[in-house]
Amino acid sequence: MSETTTVTQPIVVEEGETRPGYAGQNVPRKEDKRLVQGEGVFFDDVKRHNMGYVHFVRSPYAHAKIRSVDVSKALEHPGVFGTMTGDEVALLTDPFFQISSPPGAHLKDFCLAVGKARFVGEPVAAVVASTREIARDASELVEVDYEPLPVITDAREALGEDAPVLHDDAGTNLTWEGVYEWGDLDQAFAEADRVVKISELHFDRFNSTPLECNGALVEFNRGTGQWTIITNNQFPGFAAIMMGPAMRVGLDKLRFVTQDIGGGFGNKITSHPQLVACCLLARKLKRPVQWTEWRTDFHLSMSHGNERWFQDTEVAVKEDGTLLGFRTTALDDAGAWLRYEPLGGVIWAQVTPGMYRWRHIRLDFKQVVTNKAPVSPNRGYSRMQHLWFTERIIDIVAHELGLDPVEVRKRNYIKAEEMPYETPNGCIYDSGDYSKMLDVALDLIGYGELDAKRADAESRGRLLGLGIGSTLDSGTNNFGQSRLINPELQFSGNNEVATVKLDIFGEIVVTLGTTPQGQSHETTASQVVADILGCSIDDVNVRAGHDSYWNSHAGFSGTYASQFAVTGLGAVKGATDMLAGEMRKLASVVLGCAPEDIELAEGQARMKANPEAALPFMALGAIINANNAGLPEDLDVTLNCRYVYRPPFDPPDVERKYGNLTLTYAAQVHVAVVEVDPETGVYEVVGYVAVDDCGKRINPQVVEGQVMGATAQALGAATHETFTYDEDGNLLTPNFYDYHVPHALDMPPLATGNIESPSPFTSMGTKGMGEGGGAGIHAVCAALQDALSSRGKPIVYDSCNPYHRVWELLSDPEASRQRVRVEAG
Amino acid sequence: MEGNGAHRAVETSKTITVEVNGTTYEREVETRRLLVHLIRDDLDLTGTHVGCDTGNCGACSVILNGTLVKSCMLLAVQADGASIETVEGLAEEEQLSSLQQAFSDHHALQCGYCTPGMLMSATALLRENSSPSDEEISKAIQGNICRCTGYWNIVKAIRAASGQEVTE
């Protein structure tokens, strides 16, 4: 199924040395043995004596004043250990630090609602009891007196003069705005032969719904004042800097522990409010507390993806389809709180021009708050919305000007020979060959037989369409981009940590700072280590998960935003190179030669000239750790090497909004073929191809697994998955009954392909990847527009197209066509 | 001081006996306790997972008296006297079953959260149908949600475990 069309050299595992090894091979996953036996340890598997179960009392109103909260009846209920309310929280904690510049900076966000509830499902109080069931029962006894307020569920209405304001502290629902402009728009539109105007496009609200919901087991050590938080938060570095100041404690008081995590996809970054509530309860009630989020609670309250409207778009185009530039307004719906926002207001700019060469771009980003669940990162975070938009432009332009979408792409794609390519806003696309990827994809889908397939479908009363989605997965953030949101912020660069040591009996032990959720870090890290040390991957013990006490983490540690292959493995390589150097140095002292005379191979340190003179790793480990008398005083060897990988970044230019925002740019070209029943709008994806390029692949099977997963999530988002609210702010899809994620029978036949364009900016040529699903959302949109073209040329204007929306396009194509106008330039 | 900290005995409880993976357990449970919580919290067999609260996701799938069930859709008391198989019972003497091995070989799991339920559904399928088609496999795991893999490799692994050829 997989096709590699470019073969690159074996990976360079040591400076100046190339040798084939585990890197690039599909080795069995180290994680699998425990997971297929049900012996993984997820947070909810951990128990403590006398622990209490936390249940949150949640607001049934989308917007309401909280007049009073009475917990007395709940406290009387047998088995209840205690409660907590917003009033207590307001005394015990400070509001969470806000990333935003004013007015968003003024929001006062606590772990429980204080004074006002702003979305259905917002935690208002917490109850702790001896069982999950009793906690739930008792939470029903908490009496909250609400005064309902007018509700905003549509971002477009949030800016109205009479709109109710969610946060009086901000004084407006427009919590952040930034105008981005690069190039010369006037010139671009003056040069244009055609101006394509698109009044409004909509990227829908959904998320990746990891199968394991959020949660934690929290213990408070009264003697030391430290909390141990056994959780599935996927970005402990971020959680810590949010929680410490709010709880008025230093970061040493917060110990995060994780082993296995049941999927994350970005949705488990912003659980810090609930973790603070658990910390306060553990301290107050003098017992461990356990919180496992219910599925309905997850849907109601956690981590929705950013919903975005693209308004008043104008595209400058030459007669031949050359794209010069565009201008638009992006209206982003953040929901009720800015938990990770407004970072979405700059993250999109990592991929400002998409894959295309246009140089003149203006985007006015407006983010508003509404009475819906707070948004936070979701696989493809913020770039997915923007890339869907740029892809929509390509296909609408092609559609309206009668051009071939393949030709328009090829004409405008950044060319392989232009790499590394500096985008209009200073990002450096490291490598890639987008046209070639498209060729591979079209070949795999059987593009040559498209007309015959169309005719065949027609003979069966079906409309067949083909659509392309070509996107980028920018990885390894330069956190300096946060300064484009708020110049006061003191974040920049990025880092990740690994520690590699050799222990007494020759055990190689690797400790990561990351929090994998299925990305196979134990496996790929062992591949890198084994290649450098010249041993078997079976000899490499990679600790599962994350623990602050391991001291193998830094400020940005975690697993998010497509970076492990660069930051995580970069740290692993750095630490292992250090260890290898120390092992050579130690062996040279013992064997009486120079370190350069020593090689590491077959689990030994041996003299290159005389392989018989060898020390097994066990001897090296034992000498340093347990038998070190007589070693030279100046021998600087610990065999315990900690390395902090730091990517090469400069802070961006805040004035010009200019600079490299991520280190690597993996690419995806996906093609979908759909068949539509014109009578009903029901359609099926009948063929699908995903071609990816993430540079050097350490483990191709793991990479393909990420591609498959991202594709499946894209198909779900494109066809069914939506967080829909009624006008009162009730979520209509609060569980897996109403929120339909793909099931096995929904999956189309899939072919994958890849090319490898090694990144010149990373030590192993790797690129971060895993978030490439946005390509699939667009591919389905484009395929639908192609399929329906013969029925009045409707315009696909929404990222999510359930059958009813397709039926609407079929039954009233003109309504959608009202959105598009082509004018002479 | 809020609450008295004591867990008073609940009158609506019942003593039940279940056999799980060949071991017999006797437990007093609240009559409203879900079977999945008996398995996870009272018997400490935490391989069986919870992924939803509506019976849709299948992470809690177990085999009860030979029939595949979602253990969140049964009360523990309904399992009184039953023989239950969970994921912990699939491997023998640390030797993975051919199905478990196939899941690893074909990268049919990533985070591993849905995997126990998938394995139980597939086990039930292969007992009834030793040579299922891809369509039959997909239908058999239709009640199991996986958010990581897109199911393609799971279907392939189950097919391989049945001894049928799969394309790489």
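Sequence lines set the chain letters: A, B, ... in the order given, protein chains first and strands last, and positions in each chain run from 1.
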I need the minimum non-hydrogen distance between [X] and [Y], along with the two atoms involved.
{"X": "B:Pro116", "Y": "A:Gly38", "answer": "CG-CA, 4.4 Å"}
{"X": "A:Phe736", "Y": "B:Cys57", "answer": "CD1-CB, 4.2 Å"}
{"X": "B:Ser138", "Y": "A:Ala744", "answer": "O-CB, 3.6 Å"}
{"X": "B:Gly112", "Y": "A:Leu35", "answer": "CA-CD1, 4.1 Å"}
{"X": "A:Val36", "Y": "B:Val87", "answer": "O-CG2, 3.5 Å"}
{"X": "A:Lys33", "Y": "B:Glu94", "answer": "NZ-OE1, 3.5 Å"}

| Interface residue of largest heavy-atom contact number with chain A, from B:Gly89, B:Gly47, B:Ser104, under 4.5 Å | B:Ser104
Top of [options] for chain B proximity - count of heavy-atom pairs under 4.5 angstrom:
{"options": "A:Asp746, A:Asp45, A:Thr296", "value": "A:Asp45"}
{"options": "A:Pro749, A:Pro742, A:Ala74, A:Cys213", "value": "A:Pro742"}
{"options": "A:Glu293, A:Gln519, A:Arg295", "value": "A:Arg295"}
{"options": "A:Gln713, A:Glu39, A:Arg132", "value": "A:Arg132"}

Heavy-atom side-chain contact between [X] and [Y] under 4.5 Å:
{"X": "B:Glu135", "Y": "A:Leu745", "value": "yes"}
{"X": "B:Trp152", "Y": "A:Thr711", "value": "yes"}
{"X": "B:His37", "Y": "A:Glu133", "value": "yes"}

Pairwise distance [atom1]([X]) to [atom2]([Y]) - rounded to 0.5 angstrom:
{"X": "A:Glu31", "Y": "B:Thr115", "atom1": "CD", "atom2": "OG1", "value": "11.5 Å"}
{"X": "B:Asp53", "Y": "A:Asp297", "atom1": "CG", "atom2": "CG", "value": "7.5 Å"}
{"X": "B:Arg32", "Y": "A:Thr131", "atom1": "CZ", "atom2": "OG1", "value": "6.0 Å"}
{"X": "B:Tyr113", "Y": "A:Leu211", "atom1": "OH", "atom2": "CG", "value": "6.5 Å"}
{"X": "A:Tyr739", "Y": "B:Cys52", "atom1": "OH", "atom2": "SG", "value": "14.5 Å"}
{"X": "A:Met747", "Y": "B:Asp134", "atom1": "CE", "atom2": "CG", "value": "13.5 Å"}

| A:Thr209 versus B:Arg147, side-chain donor and acceptor atoms under 3.5 Å |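 Short answer, yes.
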Under 4.5 Å from any heavy atom of chain B, what part of [X] do you find: side chain, backbone, both or neither?
{"X": "A:Arg34", "answer": "neither"}
{"X": "A:Asn26", "answer": "neither"}
{"X": "A:Pro734", "answer": "neither"}
{"X": "A:Phe265", "answer": "side chain"}
{"X": "A:Phe42", "answer": "side chain"}
{"X": "A:Gln37", "answer": "both"}

| field | Evaluation steps, side chain to side chain donor-acceptor pair (under 3.5 Å), between B:Gln110 and A:Gln706 | value | CA-CA 9 Å; B:Gln110 291 180 28; A:Gln706 290 292 314; 3.3 Å; yes
| said: I'd like to know whether B:Asp41 forms a side-chain contact (heavy atoms from CB on, under 4.5 Å) with A:Lys47, so could you lay out the CA-CA distance, the side-chain angles of the two residues, the decisive distance to 0.1 Å, and finally the verdict. | reply: CA-CA 9 Å; B:Asp41 294 346; A:Lys47 299 177 177 69; 4.1 Å; yes
Answer with side chain, backbone, both or neither: which region of [X] has an atom nearer than 4.5 Å to a non-hydrogen atom of chain A?
{"X": "B:His49", "result": "side chain"}
{"X": "B:Leu119", "result": "side chain"}
{"X": "B:Leu96", "result": "side chain"}

| task | Walk me through it: do A:Glu704 and B:Lys156 pass the test salt bridge (charged side-chain N to carboxylate O under 4.0 Å, His left out)? | result | CA-CA 14 Å; A:Glu704 190 188 43; B:Lys156 194 196 281 187; 5.6 Å; no
